[in-house]
Amino acid sequence: MSNRRNVTPNDLSAFWMPFTANRQFKKAPRMFVAAKDMYYQTSDGRQVLDGTAGLWCVNAGHCRPKITEAIQEQAAELDYAPAFQMGHPKAFELANRLVDIAPEGLNHVLFTNSGSESVETALKVALAYHRVTGDGSRFRLIGRERGYHGVNFGGISVGGIVSNRKMFGTLLTGVDHLPHTHDLARNAFTRGEPAHGAELADELERIVTLHDPSTIAAVIVEPVAGSTGVLIPPKGYLQKLREITRKYGILLIFDEVITGFGRLGTPFAADYFGITPDIMVTAKGLTNGVIPMGAVLVKSEIHDAFMQGPEHMIEFMHGYTYSGNPIASAAGLATLETYKEEGLLTRGAEIGKYWEEALHSLKGERHVIDVRNIGLVGAVELDPVARQPTKRAFAAFVKAFEAGILIRTTGDIIAMSPPLIVERSHIDTLVETLRGILKTLE
Ligand SMILES: Cc1ncc(COP(=O)(O)O)c(C=O)c1O
């Protein structure tokens, strides 16, 4: 008898859930069955206010009709076209619309299916670029402690989260890391960019000198680190990284998987900080989280360097079966139109002040050792329970879900990043519900 017959309907055991405490979840499942705008609906019929835009991706809010219709129409018209040696119009159109809103100079787009794949793609473009320009000794990649660049081998190698790395052997060789910039002793309760820590970028000079500039291909950082708890760069820090990378001919890669598409109140973090990287990694908000898709934007000089040799030859040996998939492209186009029509890529700048005031009113609540914010992102850091890291914040997460708000936790940090359509009343609900929960935490 086939195993299939023994499967109990609704049995939760087969699905090994990603980045989830599986045993805890399956004892007390938290299920969403529907969503609209700012709210999820749970399987027991409750409304849950989305304080995290899903997983930092549903920037325009849930089930937006334009995006839903675009997907439906595309699925009925052209479901799939081979991604290699064939094309379809919407992928080209989406690449053009992305270039239109991207920082000046980022004129070419490679499509992927996730943030992790965008990171791998960016690292490979960087290495290959140096090789095609006759600089193939540049093989080293520099990431940063507490950086998150997805879960594939390149990403965890340049990433700096120990628990994501330690199980997986030697990873990529030739990788070094900058120190992280999180400094509660000097910067706790800062609104926006912290004052202290720009000098941490000078560590790049030390690393570059140690290995010799001629061996370094690229530096990759998140402009604002999201997944490790909203680590906002100190004033002047990213500018310094740009100066040092430029001085030594090293490519600067911004991982904008979280910061892209309006999260900071500008289209990209590159706009917020006034720095153009050589390569920009995106995903998540590109399709409003609805269909898996990522995009890597590169400067013309990088793209152009590959366009040589016989014209019938493939210039870059890389790509995915679903790169620029028609349905994802249609979702991306409808998403960008929605952002444009509703001014969502800059809405964070309008409502960001209210968000900041509301969040910082949590200073002084029990266990709160920091509150920080930028654009429409914020974090509340809690004092960990002695010898039981993550326990306090996880308790807050579960209580928040029960109380009707979705927050996210990493370690003992509560992170919030609501859809960009958030109104003041939603912010009040998020913050006041969280305040109530903080009061009850052990
Ligand atoms: C900065 C950054 N890079 C990469 C990723 C990986 O994206 P994905 O989960 O789509 O692979 C994430 C996901 O949170 C991210 O925050």
Side-chain angles (χ1 to χ4, degrees), residues 17-20 52-59 110-126 141-161 163-165 168 172 177-178 180-182 218-233 238 241 252-264 268-270 272-273 277 279-297 320 322-323 325 328 331-332 335 374-379 406-411 413 415-417:
M17 297 171 71
F19 276 123
T20 297
T52 56
L55 214 43
W56 316 80
C57 47
V58 187
N59 289 4
L110 300 103
F111 285 118
T112 72
N113 308 292
S114 66
S116 298
E117 286 183 1
S118 290
V119 167
E120 305 301 301
T121 300
L123 299 177
K124 287 174 75 177
V125 168
L141 300 164
I142 314 289
R144 188 169 57 189
E145 293 167 359
R146 295 187 70 155
Y148 182 67
H149 300 291
V151 292
N152 293 343
F153 270 99
I156 58 172
S157 301
V158 292
I161 303 179
S163 51
N164 290 5
R165 296 161 50 88
F168 308 111
L172 276 190
H177 291 81
L178 287 160
H180 68 75
T181 61
H182 194 42
V219 172
I220 179 166
V221 290
E222 301 157 87
V224 174
S227 298
T228 44
V230 184
L231 312 184
I232 301 165
L238 291 173
L241 285 190
L252 179 62
I253 306 173
F254 272 1
D255 182 343
E256 295 231 22
V257 167
I258 275 177
T259 52
F261 306 103
R263 182 51 56 199
L264 303 190
F268 296 95
Y272 186 98
F273 296 107
I279 302 178
M280 194 166 80
V281 169
T282 73
K284 295 200 189 263
L286 171 57
T287 58
N288 204 35
V290 178
I291 299 260
M293 187 179 220
V296 178
L297 288 89
Y320 303 98
Y322 306 112
S323 297
N325 169 281
T335 299
I374 188 166
L376 268 175
V377 193
L406 183 66
I407 59 174
R408 196 162 156 64
T409 62
T410 324
I413 300 166
M416 285 176 289
S417 54

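Note that ligands are numbered from 1 as they come in the structure, with each ligand's atoms numbered from 1 the same way. Atoms considered below: every heavy atom in the structure, side chains included; atoms not considered: hydrogens, waters and symmetry mates.
Legend: residues meeting ring-ring contact (aromatic ring centres under 6.0 Å, His included) with Phe268, ordered by chain and number and at least two apart, are Phe261. Residues that satisfy the side chain to side chain contact (heavy atoms under 4.5 Å, CB included) test with Ala218, not counting sequence neighbours, are Ala126, Leu141, Leu251, Ile253.
Protein residues with any heavy atom under 4.0 Å from ligand 1: Ser114, Gly115, Ser116, Tyr148, His149, Gly150, Glu222, Ser227, Asp255, Val257, Ile258, Lys284.
Closest of all the heavy-atom pairs between Thr121 and Glu117 is OG1-O, 2.7 Å.
Two residues are said to be in side-chain contact when any heavy atoms from C-beta on lie closer than 4.5 Å; Phe254 and Val221 meet this criterion. Inter-residue side-chain proximity for Leu231 and Val224 is flagged as unmet; no heavy-atom pair is nearer than 4.5 Å.
For residues 253-262, the set of pairs meeting the side chain to side chain donor-acceptor pair (under 3.5 Å) definition, not counting sequence neighbours, comprises His149-Asp255, Glu256-Thr259.
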